[in-house]
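Everything on this sheet refers to the single structure shown next.
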4 protein chains.
Amino acid sequence: METGKMNEKQIQIVDAAEHLFAEKGFHGTSVRDIAEKAQVNLAMISYYFGSKDQLLEAMFEYKSNLMATQLEVLVHQSNSEPLEIIYSLIEHYIDKVLQQQPFHKIMVREQVVPSTSRVQELILGMRKRNLEIIHRVVTKGQVEGRFKKEIDFPLLMTTMFGAVNNMVTTQYYYRALSNLEHLSDEEFKQVIREKLYKHLKEIFKSTLTNEA
Amino acid sequence: METGKMNEKQIQIVDAAEHLFAEKGFHGTSVRDIAEKAQVNLAMISYYFGSKDQLLEAMFEYKSNLMATQLEVLVHQSNSEPLEIIYSLIEHYIDKVLQQQPFHKIMVREQVVPSTSRVQELILGMRKRNLEIIHRVVTKGQVEGRFKKEIDFPLLMTTMFGAVNNMVTTQYYYRALSNLEHLSDEEFKQVIREKLYKHLKEIFKSTLTNEA
Amino acid sequence: METGKMNEKQIQIVDAAEHLFAEKGFHGTSVRDIAEKAQVNLAMISYYFGSKDQLLEAMFEYKSNLMATQLEVLVHQSNSEPLEIIYSLIEHYIDKVLQQQPFHKIMVREQVVPSTSRVQELILGMRKRNLEIIHRVVTKGQVEGRFKKEIDFPLLMTTMFGAVNNMVTTQYYYRALSNLEHLSDEEFKQVIREKLYKHLKEIFKSTLTNEA
Amino acid sequence: METGKMNEKQIQIVDAAEHLFAEKGFHGTSVRDIAEKAQVNLAMISYYFGSKDQLLEAMFEYKSNLMATQLEVLVHQSNSEPLEIIYSLIEHYIDKVLQQQPFHKIMVREQVVPSTSRVQELILGMRKRNLEIIHRVVTKGQVEGRFKKEIDFPLLMTTMFGAVNNMVTTQYYYRALSNLEHLSDEEFKQVIREKLYKHLKEIFKSTLTNEA
DNA sequence: AATGAATGAGGTTTCATTCAT
DNA sequence: CATGAATGAAACCTCATTCAT
């Protein structure tokens, strides 16, 4: 399945699958469910994607391509301070996740298993790419003397990924515990976006620099 | 299923299920798999737990009780500074998660869906309990003038839960990215324990206090 | 399983089974249901009766003995006219069925299959005995010149059995169609008892004799 | 399941199920048995009917429609005497039952329980329809002064249903008791058809009219 | 290119029964 | 004598996939 070569029906299917996998998990979703939600003939899924597994793979190929595009641009465009670049990367990541919530829920579930499937390869690839990009910026900051010398990037990334993913996957709890049930979904999304911006920036700042 | 009233066979089953659910997900695991792994007759699972769903519930009841015990003790025993108490709570939480890794992987998966099942109730309950405990300590710190006045507890908790859970569920990636494959599982566990201790303490410190 | 040698627990079981078989059929009832209704340990059913099948057999032995007792007496005691004897036999049969409704419902279900099980043997035996008794009376009536010469007893019996059984098994429909829902169960029972008395006597009279 | 829209495979299944349910009862028959007898894949039964219960329902919808067709015609076509119309209705009913013996055996079993399932609804519907039709004819006879004024239709119907059903379900006994084992099945069917014709006509005549 | 029909495999659960005590 | 624990067999159903058209 070559990326970007999906026709309308295929996208319908992937979209339906995305929401269902996010909600009920891969195994908890039947191809029948997907066909129904996508308003597509049951056999079309095998016809287009070969199998349910391959549908998931295609989805990851498709989505990971959609996501990994502009990071490079972000880094190179800005000539500002390393911390500012980091900030914009953080914002970018949070935005992406909040835009692609269902897909991230799927990732949270599927990354649990360290199997060597195509899907895990893709996740690892995404992680690596993200890590390298931020690594370069951080190194730059270190060279410039603005960042600490000893920094555990993977751990910092884990913190960011973990905090954001946890917020997305457990927003229901967060909403209840913060008494934000009166907000619309969109308003609530804005609230957590801003909160995550601020919070993660502070964490990165205090972890990377010596400033308070 | 009353908690703490499990016999040996029941514990065998729950243990087997725990590992399989963690690895392959709830729907990805068949009761046959569980019976096989637990070396128990297939029908015994229904016999003891009624159904696969109820087995999961029983597991959550059982485990959540195992986990929620000593937090209170920790808080009340120590008469030291609020930050020290917080630190010990953080350590305690990290220890628990690292000890109960399979169970936490299950939680990560199952907490995704905001349904109103018994399981989600239990997760919410655990979260609430944890939140209240830390809330009290933080409030104490605020009253004593040691902590900032404006603190978003749920967000801070989300960060801790997220970072730790993400580390646990994606340790495979972390290990690869940090070039720690040469360590034994146990050594690696020690490493991330210490890293998480330090890292989260710093985050809490910088978030709660005005110190660097 | 010798008849009449049942202890209290066994009778409890048979009673429970009787009602459940009547309501849900033999196969539709599980031994668990029976044990529960009889408030008896599950294993006791196999223990006392050997198997579910044998429980049914024991029930039939027990019940058929209970039922077949006084018919002979009825015939011999009365020296009155044949038609009067027939009448009292009809009444006796109707009374028995109305008293033993659950058991008759079971019979209606179980007599459907012409297998050669012990149960069907018992049903056939009961039928034969009943037939012989009425046959003797009818023959007497014929000899005395009061009854027609050509009479199809089995058909007449079938009519009686069929009408009464159908009334018992479908009393729900009859009650609805006759607008008798306002009556209590006991009152309704009295009503259909009297109706069946009268109706069947008329049928027997017009079938057996030349009178209007 | 829309009536009359069954394809060949579906009819195969329903036919197989009909015979098995008649012989062994609904619960005594497994879907495996049905699939085997219908020479059809096991999964097709769920595929076409959803479940075993729904298969029974579909069967009842299908059969009850097959049966309820020409009664009206019978009544309206004949301009003859009420009693003659009644006679033709009786014959029609007996013919139907003898043609559809397996289905009637199922009805006898299933009508026992006064639950509010779809199946019982359908049985009640059939009964009501039949009752209304004969009711109109009887009323006509009463208006014309040919029939008695006080007649219990439901009871008379019960007698007819009961006698015919009992004959069908217990024909094995009847055959043995009447020494008709030497006849072929078809011959035996003819015999009981004629016997039931004659017998039920006499019963209706003597019940409805004042003639001998 | 697209699909309605069909299916083999495997899912969970319930069953009647037995066994050790 | 009685029973809680255990089990093999079979129940019904759903699954992902394929095939003929």
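Labels below follow one simple rule: chain letters A, B, ... track the order of the sequence lines, proteins then strands, and each chain is numbered from 1. These values consider heavy atoms only, across backbone and side chains, with no hydrogens, waters or symmetry-generated copies.
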- Can you list every pair that meets side chain to side chain donor-acceptor pair (under 3.5 Å) and has a residue in residues 34-43 of chain A, with sequence neighbours left out? none
- Message: Holding to side chain to side chain donor-acceptor pair (under 3.5 Å), I want the full list of residues that pass it with Gln101(B), two or more places apart in sequence or in another chain.
- Response: Gln171(B)
- List in chain and number order the residues that pass side chain to side chain contact (heavy atoms under 4.5 Å, CB included) with Lys9(C), two or more places apart in sequence or in another chain; answer none if no residue qualifies. Asn7(C), Gln12(C), Val40(C), Met44(C), Tyr48(C)
- In whole angstroms, how far is the P atom of dA10(F) from the CD1 atom of Ile34(D)? 17 Å
- For Tyr48(C) and dT3(F), give me the distance from atom OH to atom C1', rounded to whole Å. 12 Å
- Query: Which of residues 11-21 of chain D sit near DNA chain F, with a heavy atom under 4.0 Å from it?
  - Reply: none
- Considering only dG4(E), dT17(F), dC13(F), which nucleotide approaches the side chain of Asn41(A) most closely? dG4(E)
- Message: Could you work out, with side chain to side chain contact (heavy atoms under 4.5 Å, CB included) as the rule, every residue matching Ala35(C), not counting sequence neighbours?
- Response: Leu42(C), Ile45(C)
- Query: Taking the nucleotide of DNA chain F with the closest heavy atom to each, which residue, Lys9(B) or Val31(D), is nearer the 5' end?
  - Reply: Lys9(B)
- Of all residues at least two apart in sequence or in a different chain, which pass the side chain to side chain contact (heavy atoms under 4.5 Å, CB included) check with Glu57(A)? Arg118(A), Val119(A)
- Task: Would you mind reading off the distance between Met44(A) atom CE and dA1(E) atom P, rounded to a whole angstrom?
- Result: 11 Å
- Note on the structure: 5'-most contact on DNA chain F (nearest-nucleotide basis), Arg32(B) vs Asn7(B), goes to Asn7(B)
- Query: On DNA chain E, nearest-nucleotide positions of His27(C) versus Asp33(B): which is more 5'?
  - Reply: Asp33(B)
- CD1 of Ile45(A) versus P of dA2(E): gap in Å, rounded? 14 Å
Between the protein and nucleotides 18-21 of chain E, list the N/O to N/O atom pairs that are separated by less than 3.5 angstrom.
none

- Message: As an exercise, state the distance from CD1 of Ile106(A) to CD of Glu23(A), rounded to the nearest 0.5 Å.
- Response: 11.0 Å
- Salt bridge between Glu18(D) and Lys63(D), side-chain N to carboxylate O under 4.0 Å? yes
- Item | Interatomic distance where CD belongs to Glu36(D) and P belongs to dA11(F) [whole Å] | 10 Å
- Query: How does DNA chain E look in dot-bracket form if you count Watson-Crick and G-U pairs under 3.5 Å, write [ ] for pairs that cross, and put | where a base pairs with another strand?
  - Reply: .||||||||||||||||||||
- Passes ring-ring contact (aromatic ring centres under 6.0 Å, His included), Phe103(A) versus Phe60(A)? Steps please. CA-CA 9 Å; Phe103(A) 180 66; Phe60(A) 267 83; 4.9 Å; yes
- Task: Nearest whole angstrom, please: distance from the P of dA5(F) to the CZ of Phe49(B).
- Result: 13 Å
- Query: Considering residues at least two apart in sequence or located in another chain, which fulfil the side chain to side chain donor-acceptor pair (under 3.5 Å) criterion with Ser51(D)?
  - Reply: Gln54(D)
- Item | side chain to side chain donor-acceptor pair (under 3.5 Å) partners for Ser30(B), two or more places apart | Asp33(B)
- Results of side chain to side chain contact (heavy atoms under 4.5 Å, CB included) for Val14(B) - residues two or more places apart only: Met6(B), Phe49(B), Leu55(B), Met59(B), Tyr62(B)
- Query: Between atom NZ in Lys24(C) and atom P in dT14(E), what is the gap in whole Å?
  - Reply: 13 Å
